[in-house]
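The structure appears right after this line, and notes come after that.
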2 protein chains.
Amino acid sequence: MDKSVRETSLAGRLKTACAQCSLRELCLPVGLNQDEVARLDRLVGARRKVLRQQPLYRAGDPFEALYAIRVGFFKTDVLNEDGRNQVTGFQMAGEILGMDGISSEMHSCNAIALEDSEVCVIPFDQLESLGRDIGALQHNLHQVLSREIVRDHGVMMLLGTMRAEERLAAFLLNISQRFTVRGFSHAEFHLRMTREEIGSYLGLKLETVSRAFSKFQDEKLISVQQRRIRILDSAGLKKALERRSG
Amino acid sequence: MDKSVRETSLAGRLKTACAQCSLRELCLPVGLNQDEVARLDRLVGARRKVLRQQPLYRAGDPFEALYAIRVGFFKTDVLNEDGRNQVTGFQMAGEILGMDGISSEMHSCNAIALEDSEVCVIPFDQLESLGRDIGALQHNLHQVLSREIVRDHGVMMLLGTMRAEERLAAFLLNISQRFTVRGFSHAEFHLRMTREEIGSYLGLKLETVSRAFSKFQDEKLISVQQRRIRILDSAGLKKALERRSG
DNA sequence: GGTTCCGTTTGATCCACGTCAAAGCGGGAA
DNA sequence: TTCCCGCTTTGACGTGGATCAAACGGAACC
């Protein structure tokens, strides 16, 4: 009884503190006690709104903080000397941005909002310092960093071994699954990014992406109207992930 | 005087403790004092030899430790459901393996020795615990994790935007640079991996890799005899990185 | 020295995707 | 409503790299 009351009030505090999204991934799964959550909460004071198409940070900016997405949608991309551009990821509410900056005290990619967004600013030196006191928080940070590495390996697999339609199927299933986790429909959603941005992420040209969408629609796996996607046959999409034996 | 004596003896201790390679990247750049180094040293007691072609760990193995390569050469790769394989990296002395395992308490890729190798075993829970005492050590771990993320972004750029010869040029320059840092010749070295492994890493077939080697040789950028590579014109190789405008 | 095995090179052909071009569509502004 | 503009779709064609095939070369073993 006492315990359930405490949990309720804790949930209430968090709702106002971080909505229900942002820091769940970074801190809540690790089971902090009330005092520890309060300390974390103090650390994550600042909020920052980022309008659509505006950068949260840019390559070369000094690294100061990680960012937990409260609401919105981002892409990250890197630009190399000769102007080529690679989208390295799309991030949605509850995910963490900025980890690329830790290694050199400077961000190495751009983080651009694809819709009006809001993030919690987590000053990194303070996070490290709090992690020294709260082992569970420290461990969770390590998991978040490692998860990003594992995700990147998945993208390498996609870019290195899959063909166009397999890449798009993997992309759609991944997006769908992440929307589902956030309580949205897994079958119907709208993409925040252009065909060109999808293509950059998947290592394809925008025309190829468009053709693959059309092909999936012809095969009744999905329906496409601009950026509105409905998944009609997710088992079929999963089968499209397997290399056709040719 | 006193100080220089202390440094000498410290260097002596480290040489026996970790040779000159392994933990430099993980701990030494951060300026630990003598006592802190001793504590770290105790943590890194165990060594492990790994014979050529043998795994240091495999996907699915429980995650227990990070590994600092003392001597040798590794590849990491991931395997997906339908049997496709992607080499995600090549690691040499002084680099850290195992970071993929933190997120899920289980390794998600294979680490295979490409020559007889030896690693220092760093039990991760003890490393976290020591990091809580030694802020500089904790921060350095974060940097190592972040550096891996940044490296992965570079590979994505390579796989997503570059053509075959550009990829191989980038690969050769990267390997050359890393050998140089370790005090080996930047101009002449021998590759520990097969054409097929290079191809997997670069998202190319082995025949394409071989043709690109031959092309570079024809152009007098390198000389190739099997796995023995000599870089004849590194400026020319760097130019091969830029997309030819044609 | 000869044989075997595995990795590498090289050639001929094929095809998935890129490139170039043009038309379609939807949303915002006037 | 109409125009405009950026995104998307679709078609025709070209090409870089994959595929298939065969020969070559070095190292280990007999």
Side-chain angles (χ1 to χ4, degrees), chain A residues 51-53 75 84-87 112 114-116 158-172 190-219 222-229 240 243-246, chain B residues 51-53 75 84-87 112 114-116 158-172 190-219 222-229 240 243-246:
Chain A
L51 292 179
R52 186 174 131 81
Q53 303 296 5
K75 72 169 176 182
R84 272 177 285 195
N85 188 275
Q86 172 74 28
V87 171
I112 311 287
L114 294 183
E115 60 182 25
D116 292 353
L158 180 147
L159 292 170
T161 74
M162 293 185 180
R163 35 194 58 207
E165 285 169 32
E166 296 168 339
R167 296 184 199 189
L168 186 65
F171 170 76
L172 288 172
H190 110 259
L191 300 171
R192 271 72 170 181
M193 70 296 279
T194 67
R195 298 290 188 262
E196 184 168 23
E197 286 163 336
I198 297 172
S200 172
Y201 180 61
L202 299 180
L204 302 169
K205 291 291 151 181
L206 69 93
E207 295 94 330
T208 304
V209 172
S210 177
R211 279 185 244 269
F213 270 123
S214 299
K215 179 98 179 303
F216 285 161
Q217 184 161 242
D218 291 348
E219 295 172 345
I222 62 175
S223 90
V224 186
Q225 300 174 70
Q226 302 291 121
R227 299 191 187 178
R228 169 105 358 228
I229 305 292
R243 176 177 295 289
R244 20 195 120 270
S245 53
Chain B
L51 293 180
R52 187 174 133 81
Q53 302 298 5
K75 72 169 176 182
R84 272 177 283 196
N85 189 275
Q86 172 74 29
V87 171
I112 311 286
L114 294 182
E115 60 183 25
D116 292 353
L158 180 147
L159 291 171
T161 73
M162 293 185 179
R163 40 193 56 211
E165 286 167 33
E166 295 168 341
R167 295 183 200 190
L168 187 65
F171 169 76
L172 288 172
H190 111 258
L191 300 172
R192 271 72 170 179
M193 69 296 279
T194 67
R195 300 288 189 263
E196 184 168 22
E197 287 163 336
I198 297 172
S200 171
Y201 180 61
L202 299 179
L204 302 169
K205 292 292 151 181
L206 68 94
E207 296 94 330
T208 304
V209 172
S210 176
R211 277 185 244 269
F213 271 122
S214 299
K215 178 98 179 302
F216 285 161
Q217 184 161 241
D218 291 348
E219 294 171 346
I222 62 176
S223 88
V224 186
Q225 300 172 71
Q226 302 291 120
R227 300 190 186 178
R228 170 108 354 232
I229 304 292
R243 177 177 292 293
R244 17 193 122 275
S245 54

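The chains referred to below are lettered A, B, ... by the order of the sequence lines, with proteins before strands, and numbering in each begins at 1.
- Counting any heavy atom pair closer than 4.0 Å across all strands shown, B:Thr194 reaches sugar-phosphate atoms only and no base atom.
- With hydrogens and angles left out, the side chain of A:Arg211 and the base of D:dG11 share a donor-acceptor pair within 3.5 Å.
- Of the side-chain N and O atoms in B:Ser214, one or more sit less than 4.0 angstrom from OP1 or OP2 of C:dT10.
- Considering only heavy atoms from C-beta on, B:Leu159 comes within 4.5 Å of B:Arg167 through its side chain.
- Interface remark: the A:Gln225 side chain does not form any donor-acceptor pair with the C:dC25 base, using a distance-only criterion of under 3.5 Å.
- Distances shorter than 4.0 Å separate some side-chain N or O of A:Arg227 from OP1 or OP2 on D:dT8.
- The A:Leu204 side chain lies nearest to C:dG18 when the options are C:dT8, D:dG16, C:dG18.
- For A:Glu165 and C:dC17, a side-chain-to-base donor-acceptor distance below 3.5 Å is absent, hydrogens and geometry of angles not being considered.
- Nearest-nucleotide positions on DNA chain C place B:Gln226 closer to the 5' end than the other of A:Ala164 and B:Gln226.
- Proximity of a side-chain donor or acceptor of B:Glu196 to a complementary backbone N or O of B:Lys205 within less than 3.5 Å is not detected.
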Run the side-chain contact (heavy atoms from CB on, under 4.5 Å) check on A:Glu197 and A:Arg192 step by step: do they pass? CA-CA 10 Å; A:Glu197 286 163 336; A:Arg192 271 72 170 181; over 6 Å; no
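- Distances shorter than 4.0 Å separate some side-chain N or O of B:Arg195 from OP1 or OP2 on C:dT9.
- Comment: B:Arg211 does not engage B:Glu207 in a salt bridge, judged by the lack of any side-chain N to carboxylate O separation of less than 4.0 angstrom.
- For A:Thr208 and C:dG18, the shortest distance from a side-chain N or O to OP1 or OP2 is below 4.0 Å.
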